[in-house]
Amino acid sequence: MNFDIDYLRSQLNDVQYQAVLGYDGPQLLLAGAGSGKTRVLTYKLASLVRNRGVAPHQVLAVTFTNKAAREMKTRVAKILETPCSFPWLGTFHSVCARILRMYAEHLGYTSSFTIYDRDDQKRLVKKILKQAGDEKIKPESVIYNISNFKNNYISFDGAAAMASGGYDLRIAKYYSQYQKGLKANNAMDFDDLIFLTISLLKQQEEVRERFKNSVRYVLIDEFQDTNKAQFQLIQLLLGPHNNITVVGDDDQSIYGWRGAEVTNILNFGDYFSNLNTVKMEQNYRSTKNILGVASSVIKHNRERHNKTIWTANDDGEKIVLLENENENQEAEKIIRQLKNDDTFSNGETAIFYRTNAQSRVLEDQLRRHNIPYMVLGGIRFYDRKEVKDVLAYLHVLVNPKDSVSFGRIINTPRRGIGNKTIEMFTDMALQNNTTLFEAFCTVENAYNGTAAEKKIASFLKIYRALEAAVQQESSLAEKVDAVIELSGYHAFLKESGIEDDRDRLENVAEFVAAAADFENRNPGKGLAEFLQEISLYTQEDEVKVRQSSVTLMTVHSAKGLEFSRVFLTGLEDGLFPLIRDADNADIEEERRLFYVAVTRAEKKLVLSFATSRRTWGNAVFADPSRFINEIEPHFLTRETGMARVTAPKTGRHYEPVEDQYIPNYEEECEGPAFFQGQHVQHKLFGMGTILKTEGFGESARLVIRFQDGNPKKMIPKFAKLTVLD
DNA sequence: TTCAAAGTTGTTTTT
DNA sequence: CAACTTTGAA
Ligand SMILES: Nc1ncnc2c1ncn2[C@@H]1O[C@H](COP(=O)(O)OP(=O)(O)OP(=O)(O)O)[C@@H](O)[C@H]1O
């Protein structure tokens with residue numbers, strides 16, 4: 001159909017168009033920010049299906065985040081005007097998880113394996129370190145080392161073989177024990193998803209051939225941030241035709257600290273003799289001034305491919321540089337700048353920072369100004385303790401070998417089964433070479449046993465009930481709800497009386513709603529699939545209201561996104577570039593990070609720094625970032641005016657709040673007003689006196705001393721309080 | 001076994 | 001500074 005070719009021409013420039021048509025053989029698109037790399041990949045995918053008769057399941061397309069994958073799916077469906085499913089479009093991790101679910105048995109796992117997150121990994125490593133009696137080494141650094149090995153596809157034997165010195169040997173030993181522990185638990189960590197898929201493809205010739213034959217085209221976005229293991233994986237999946245398109249920008253490589261190898265993209269030609277390299281030089285995203293700032297800074301890097309980049313867009317506004325005395329003034333001035341635009345909360349404004357901790361001051365100030373915002377990063381919904389507790393129950397029910405999750409649920413909620421009992425049964429299990437669960441089962445019917453045994457027997461009774469509930473023919477949400485109910489978790493939260501537990505109960509209810517939602521979106525899929533989706537969830541996936549708020553995030557999470565207005569904050573030497581250890585600082589990667597941040601902006605860019613910043617309680621002074629000095633001055637307008645700002649009250653001003661804030665103007669004025677010294681009545685705690693008030697309406701928080709003498713924090717929105725005065 | 005109080009860590013960045 | 005972990009008393 002000619003229509004499609006004309007359509008392609010109308011949507012792409014010449015170079016992009018040629019890149020899309022270069023279907024066969026290896027192709028590398030090395031191009032600067034905003035040049036349409038992702039766009040080319042998207043149109044290529046659509047065109048392969050439409051013009052080349054390639055079936056969706058024959059394309060392996062890898063994106064950096066799940067969100068990017070979803071967007072690509074949506075775009076392609078729109079271009080093709082038909083919804084179609086691409087089973088092999090996703091992140092490396094989700095694609096691998098899918099492969100492993102199909103073939104886990106070949107590796108000695110079952111297909112219902114659990115994916116361990118950071119927290120689970122830490123629990124397992126801690127257990128190993130405790131057994132080894134090694135308290136000196138931090139679990140985090142063990143995890144970090146193991147992860148490095150896996151990113152380079154080095155097994156524990158390999159790690160032991162290349163060890164030099166006692167420390168290396170210890171790490172190798174823990175790596176080996178950790179890996180065996182994971183396998184015994186029928187669990188994999190994030191890096192295993194890649195690692196074990198490589199192992200699978202290496203070991204199982206039929207599986208490998210199956211993929212090589214069925215995958216006709218491979219497309220990879222953000223190739224500059226792939227690691228060695230991922231590169232190996234691609235080589236194993238790629239058929240003899242070498243139909244592979246990789247896309248990236250070496251200047252945007254910002255995950256070196258996690259094993260990403262820029263050389264994957266820079267030396268790509270070494271692996272494919274007939275490589276077709278395409279360079280795209282026109283930027284469609286940003287104004288000339290924004291691009292000027294980006295280029296003038298990035299050219300200070302020595303290890304890079306020099307690239308021309310230009311734009312037909314306007315000069316646009318000059319870049320504003322805000323100079324501030326401290327972080328509060330910075331936040332205040334940003335908000336003032338932001339309010340210059342009356343469309344500041346239409347979802348097209350973003351505030352970036354180098355470290356997550358910096359978001360707090362900005363949040364405080366935004367809330368104070370009643371500006372709706374959302375924060376990416378920090379604690380995700382599924383990372384909350386109460387949600388993870390419920391998840392642990394579900395994980396055990398899907399994968400009974402998951403001892404880490406099992407350890408989490410034994411005494412949650414409190415059942416009087418403490419450390420000592422657990423230790424005793426762990427020893428017993430170790431001696432009989434069984435699992436802790438099996439050790440428990442030996443006293444399942446011992447009603448005449450010790451107090452501890454009775455408690456275990458009653459726990460097992462609960463466990464059996466949970467098993468039965470999950471087997472039932474019922475909806476996913478009903479099953480989840482039954483687990484929360486039967487485990488006693490619901491009652492525990494409801495009756496605890498601690499104010500925070502009321503919030504937790506709401507989150508648990510929200511989790512049941514999430515299960516219902518999952519079932520809606522994926523009819524026919526069950527608990528195991530639900531758990532996998534959650535395990536692979538990323539920050540970006542949290543459904544939040546970008547449309548009507550200001551978005552706050554780290555520069556790392558901003559990769560690949562674009563915003564009309566961008567505020568880049570905390571530009572102080574030592575913070576951005578972040579220098580923790582002067583000898584090992586990677587300034588070039590920091591500079592690339594700066595480049596990524598700046599090139600997210602379409603129309604307006606504001607840079608800011610603070611001469612002093614409060615860190616761990618005391619003010620730290622710093623010079624403006626060296627990157628600011630690298631900007632050619634004619635792009636900038638400096639704003640020095642040290643306007644007085646109202647410093648927030650010192651002390652406890654910050655309360656942990658939802659990572660999303662939408663002011664509710666009506667309710668702000670409603671509800672009874674509380675004051676210090678007022679007497680109130682609470683359903684559970686009886687009469688009390690208000691010691692302290694904070695905030696108003698929905699966001700109000702109170703500290704109340706009840707009859708028992710203990711002050712308690714309460715939120716009147718949830719706590720049913722009756723005013724007595 | 002459990003809770004509260006004292007002590008101690010940490011801030012990169014995340015799929 | 002604040003979140004987390006360990007310690008000690010009941
Ligand atoms: N030929 C074109 N015509 C119109 N708009 C274009 C064209 N090419 C790219 N764009 C637009 O430019 C912006 C950047 O494109 P895209 O996100 O694909 O670039 P990228 O190279 O992947 O960027 P980055 O590497 O910075 O993430 C998008 O808004 C895209 O729609």
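Since this is a predicted model, take the numbers as computed values, not measurements. Here is the naming used below: chain letters follow the sequence lines, and residue numbers restart at 1 for every chain.
One N or O on the side chain of A/R101 and one on the backbone of A/F113 form a donor-acceptor pair closer than 3.5 Å. One N or O on the side chain of A/E588 and one on the backbone of A/E303 form a donor-acceptor pair closer than 3.5 Å.
Residue A/D191 is classed as having no contact, given no heavy-atom separation below 4.0 Å to the nucleic acid. Among the heavy atoms of the strands, none lies under 4.0 Å from A/F92. Among the heavy atoms of the strands lying under 4.0 Å from A/T91 are primed sugar atoms or P, OP1, OP2 only; no base atom is included.
Comparing B/dT14, B/dT15, B/dT2 against the side chain of A/H93 picks out B/dT15 as the nearest. Comparing B/dC3, B/dG10, B/dT13 by their closest approach to the side chain of A/K138 singles out B/dG10. Nearest to the side-chain atoms of A/R258 among the listed nucleotides C/dA2, B/dT13, B/dT15 stands B/dT15.
Between A/K388 and A/D117, at least one side-chain N (NZ, or NE/NH1/NH2) sits under 4.0 Å from a carboxylate O, which counts as a salt bridge.
Looking at A/R580, its side chain has no donor and acceptor atom pair within 3.5 Å of the base of B/dT12.
Between the OH atom of A/Y144 and the P atom of B/dT12 there is a distance of 11 Å, rounded to whole Å. What separates CD of A/Q358 from P of C/dA2 is a distance of 17 Å, to the nearest Å. For the pair A/R614 CZ and B/dG10 P, the interatomic distance rounds to 22 Å; values are reported in whole Å. Computed from coordinates, the A/N151 CG to B/dT14 C1' distance equals 11 Å when rounded to whole Å. The interatomic distance linking A/Y382 (OH) with B/dT14 (P) rounds to 20 Å, in whole Å. A straight line from CD of A/E589 to C1' of B/dT14 spans 12 Å, rounded to a whole angstrom. Distance CD (A/Q121) to P (B/dT14): 16 Å, rounded to an integer number of Å. Look at CG on A/D119: it is 12 Å from C1' on C/dC4, rounded to the nearest Å.
Residues forming a side chain to side chain contact (heavy atoms under 4.5 Å, CB included) with A/T615 (at least two apart in sequence, or on another chain): A/V620.
Of the two residues contacting DNA chain B, namely A/L578 and A/K455, the nearest-nucleotide position lying further toward the 5' end is that of A/K455. The residue among A/R414 and A/L593 whose nearest nucleotide of DNA chain B lies closer to the 5′ end is A/R414.
If you look at A/F352 and A/F567, their ring centroids are not closer than 6.0 Å.
For B/dT1, the OP1/OP2 oxygens have no side-chain nitrogen or oxygen of A/R415 closer than 4.0 Å. Between A/S557 and B/dT14 there is a side-chain N or O to OP1 or OP2 distance below 4.0 Å. The phosphate of B/dT14 has OP1 or OP2 within less than 4.0 Å of a side-chain N or O from A/T554. Between A/N66 and B/dT15, a side-chain N or O to OP1/OP2 separation shorter than 4.0 Å is absent. Applying the 4.0 Å criterion to OP1 and OP2 of B/dT15, one finds that A/N227 has every side-chain N and O outside that range.
The side-chain tip of A/R591 does not point at the ring of A/F627 from less than 6.0 angstrom away and within 45° of straight on.
C/dC4 and B/dT13 are spaced 14 Å apart, taking the P atom of each and rounding to whole Å.
Remark: ring of A/W257 stacked against base of B/dT13; centroid gap under 5.5 Å, plane tilt under 30°.
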